[in-house]
Amino acid sequence: MSDRSGTGPDLERFFASADEARSCAVFTGAGVSAESGVPTFRGKEGMWKDFKAEELATPEAFERDPDRVLEWYAWRREKIADIEPNPGHEALARAEERFEEFTLITQNIDGLHEQAGSRDVIELHGNILRDRCHVCGSRRGPGEDGPRCTCGGRYRPDVVWFGEMLPQQALERAFQAARSADVFLSVGTSTLVYPAAYLPFMAHEAGAFTVEVNPERTPFSDQADLVLRGASGSWLPRLFPREG
Ligand code: BV8
Ligand code: ZN
């Protein structure tokens, strides 16, 4: 039997729904990686603070001054080069076994969910460890360098910039998972960036038991069935404890 020590009324409600649930979907944002040392976007130590997102994370910025944008991403790759998954990532990797159907949807581009053992992660905003040709879209993994693709186009990080479409298939799968989840968790996201931020609202509309895990309020807080105010690294291992 899993360790449900320290179960208060909040966790009771979660376990009651989770025990009944056939399908679970979890939606994560930068807050889940904060405890691994990755700065969030909009927090006080946020990485946007020296730059405006619209300035750098856009195709216009890349077309106007590619070197400046690539320098910023090189700095970010530096910052996440030797980070490790934290107990929150590990708990979500364990959560897969707990449900007949489990979908992990992330806005994060740091690859930490896969590193923690999560399989089949839906990366709505891409992955900073890969490059993509800005012209023909062909991808390459980390370590391959040289600025240009064989088609002549410049390589850029394989992430979704403001004003760019999200990968259509990934978005469709995420919408489907939100609509069919019995339990939906929204963890570590300011719930400000669309269309990803539709997901918790869609799950709530479709009747899922919705949980928000975040030390601060978000636009979704009032609709969530259960709000767990605090860090994902401490709440998630309690929601998905080690078995045994
Ligand atoms: C689209 C990848 C249109 C790149 C990112 C004007 C012009 C153009 C578009 C728009 C516009 N106005 C609005 C839009 C739409 C725009 C948008 O939503 N803007 C917002 C700001 C209003 N969206 C887009 O542009 C999207 N594309 O709409 O295309 C279109 C339509 C048709 C045809 C063509 C085009 C693309 C959006 C994707 C942008 N890419 N990142 C990169 O990273 O460099 S966004 C960026 O924000 C990251 O992906 C990040 O994941 C995402 C969301 O942020 P969060 O993850 O929530 O992180 P944040 O720091 O905000 O919050 C952290 C949270 O964690 C906080 O709540 C904090 O309390 C909590 N926390 C802290 N510590 C912990 C914790 N929680 C738990 N535990 C802890 N320990
Ligand atoms: Zn190309």
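In each ligand, atom 1 is the first atom listed, and ligand 1 is the first ligand listed.
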Short question: side chain of T58, backbone of A61 - any donor-acceptor pair under 3.5 Å? yes

Distance under 4.0 Å to a non-hydrogen atom of Q107: what atoms of ligand 1 satisfy this? 49 (O), 51 (O), 52 (C), 53 (C), 56 (O)

Which class fits the ring pair F62 and H134: parallel under 30°, tilted 30 to 60°, perpendicular over 60°? perpendicular

Could you list which atoms of ligand 1 come closer than 4.0 Å to a heavy atom of I109? 42 (C), 43 (O)

For ligand 1, which atoms have a heavy atom of A30 less than 4.0 angstrom away? 55 (P), 56 (O), 58 (O)

With a heavy-atom distance limit of 4.0 Å, tell me whether L192 approaches ligand 1 through its side chain, its backbone, both, or neither. backbone

Any N or O of G163 closer than 3.5 Å to N or O of ligand 1: yes

Take a 6.0 Å sphere around CD of E164 and say whether it holds more than 12 heavy atoms from other residues, nucleotides or ligands. yes

Between R13 and D225, is there a donor-acceptor pair closer than 3.5 Å when you use the side chain of the first and the backbone of the second? yes

Would you find a donor on one side and an acceptor on the other, under 3.5 Å apart, between the side chain of Q223 and the backbone of F220? no

Atoms of ligand 1 close to Y73 [distance to a heavy atom under 4.0 angstrom, numbered from 1]: 4 (C), 42 (C), 44 (O)

For G29, the atoms of ligand 1 under 4.0 Å from one of its heavy atoms are 56 (O)

When you measure from the heavy atoms of G233 to every atom of ligand 1, does any distance fall below 4.0 Å? no

When only distance counts, is G188 in polar contact with ligand 1, meaning an N/O pair under 3.5 Å? yes

Given V160, I128, D110, which has its nearest heavy atom closest to atom 5 (C) of ligand 1? V160

Any carboxylate oxygen within less than 4.0 angstrom of a Lys/Arg side-chain nitrogen, looking at D182 and R98? no

Check: residues 24-32 side-chain donor-acceptor pairs under 3.5 Å, at least two apart:
residue, atom, partner, partner atom, Å
T28, OG1, T106, OG1, 2.7
T28, OG1, H113, NE2, 2.9

Could you walk me through whether R242 and E90 pass side-chain contact (heavy atoms from CB on, under 4.5 Å), step by step? CA-CA 10 Å; R242 290 185 193 294; E90 286 151 8; 4.3 Å; yes

Is it true that R154 and D67 make a salt bridge, defined as a side-chain N closer than 4.0 Å to a carboxylate O? yes

Kindly confirm or rule out a cation-pi arrangement of R76 over W72, judged by NZ or CZ under 6.0 Å from the six-membered ring centre and within 45° of its axis? yes

Could you list the atoms of ligand 1 found under 4.0 angstrom from a heavy atom of M165? 31 (C), 32 (C), 33 (C), 34 (C), 35 (C)

Using only atom types and a distance under 3.5 Å, with no angle test, would you say the side chain of N108 pairs donor to acceptor with the backbone of D110? no

Out of curiosity, is W235 lining ligand 1, as in a heavy atom under 4.0 Å away? no

Out of R76, H125, E60, E123, indicate the one that has the non-hydrogen atom closest to atom 49 (O) of ligand 1. H125

Would you call E96 and S118 a side-chain contact if the rule is heavy atoms closer than 4.5 Å? yes

For ligand 1, note which part of E35 has a heavy atom under 4.0 Å away: side chain, backbone, both or neither. side chain

Any protein N, O or S atom under 2.8 Å from the Zn ion (ligand 2)? Found C133 SG, C136 SG, C149 SG, C151 SG

Could you tell me if R140 sits above the aromatic ring of Y155, with its cationic atom closer than 6.0 Å to the ring centre and no more than 45 degrees from the axis? yes

Please could you name the atoms of ligand 1 that W161 approaches to less than 4.0 Å, counting only its heavy atoms? 36 (C)

Please check whether W72 reaches ligand 1 - meaning an N/O of the residue sits under 3.5 Å from an N/O of the ligand, judged on distance alone. no

Any donor-acceptor pair under 3.5 Å linking the side chain of D158 with the backbone of R132? no

